[in-house]
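Working notes, beginning with the structure itself.
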Amino acid sequence: MRTAVTETSRAAHRSLSVRDYLQPKEAAVMKLFTDHSITLTRKQISKLLNARFPDEYDINVVTGRVGSLMAKPTPRLVVRGYWKDPKTHKEQELLGMPPPMPKVQEPLFPELAVA
């Protein structure tokens with residue numbers, strides 16, 4: 001069966017991202033979160049990554065990567081609280097991995113279960 005699909009539509013379909021794939025900078029952000037108890041602000045993430053990779057992870061890069069990690073169908077990062085910056089006196093979001101799912105709920109949501 002032939003369908004009338006333009007080449008641009010085919011190219012767009014082929015370029016769809018693979019499920020659970022993280023871009024290199026997203027993966028670098030996620031490497032900081034080794035445990036569910038770790039919470040960091042965007043500014044702290046930027047400072048930690050700039051210590052490893054100088055001038056590669058300014059606050060704007062980190063904000064974009066954090067936004068994409070929070071917007072995924074299965075979010076990799078969530079807001080876990082707030083922290084008041086002593087210099088600016090403004091609240092900043094504390095980001096962390098989503099809390100682990102209770103074992104009782106795993107059969108209900110197998111796609112969210114942590115392996």
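Shown here for Met97 and Leu77, the closest heavy-atom pair between the two residues is N-CD2, 4.1 Å. The nearest pair of heavy atoms linking Tyr21 to Lys72 is O-NZ, 3.8 Å. Shown here for Arg76 and Pro98, the closest heavy-atom pair between the two residues is O-CD, 3.3 Å. Listed here is the closest heavy atom pair of Lys25 and Tyr57: CG-OH, 3.4 Å.
Side-chain contact check for Ser68 and Glu26: at least one donor-acceptor pair (N or O, by modelled atom type) lies under 3.5 Å.
Side-chain contact between Leu22 and Val29 is absent, with no heavy atoms from C-beta onward closer than 4.5 Å. When side chains are defined from C-beta on, Glu56 does not count as touching Leu49, because their heavy atoms never get closer than 4.5 Å. Counting heavy atoms from C-beta outward, Met70 and Leu95 have side chains that approach closer than 4.5 Å. At a threshold of 4.5 Å between non-hydrogen side-chain atoms, the residues Gln92 and Lys84 do not count as touching. No side-chain heavy atom of Leu94 sits under 4.5 Å from any side-chain heavy atom of Tyr82. For the pair Thr41 and Gln44, the minimum side-chain heavy-atom distance is below 4.5 Å.
Results of the side chain to side chain contact (heavy atoms under 4.5 Å, CB included) test with Ile45 over Thr63, Leu40, Val61, Asn50 single out Leu40 as the only residue that passes.
In this structure, CZ in Arg42 is found 12.5 Å from CZ in Arg65, a value given to the nearest 0.5 Å. To the nearest 0.5 Å, atom CD1 of residue Ile59 and atom NZ of residue Lys47 are 9.5 Å apart. For the atom pair Trp83 CH2 and Lys90 NZ, the distance stands at 14.0 Å (nearest 0.5 Å).
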Side chain to side chain contact (heavy atoms under 4.5 Å, CB included) between Lys43 and Val62, intermediate numbers included: CA-CA 8 Å; Lys43 191 183 287 188; Val62 169; over 6 Å; no

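In the hydrophobic clustering of ILVMFWY residues, with side-chain heavy atoms under 4.5 Å counting as a link, Leu48 and Phe33 come out together.
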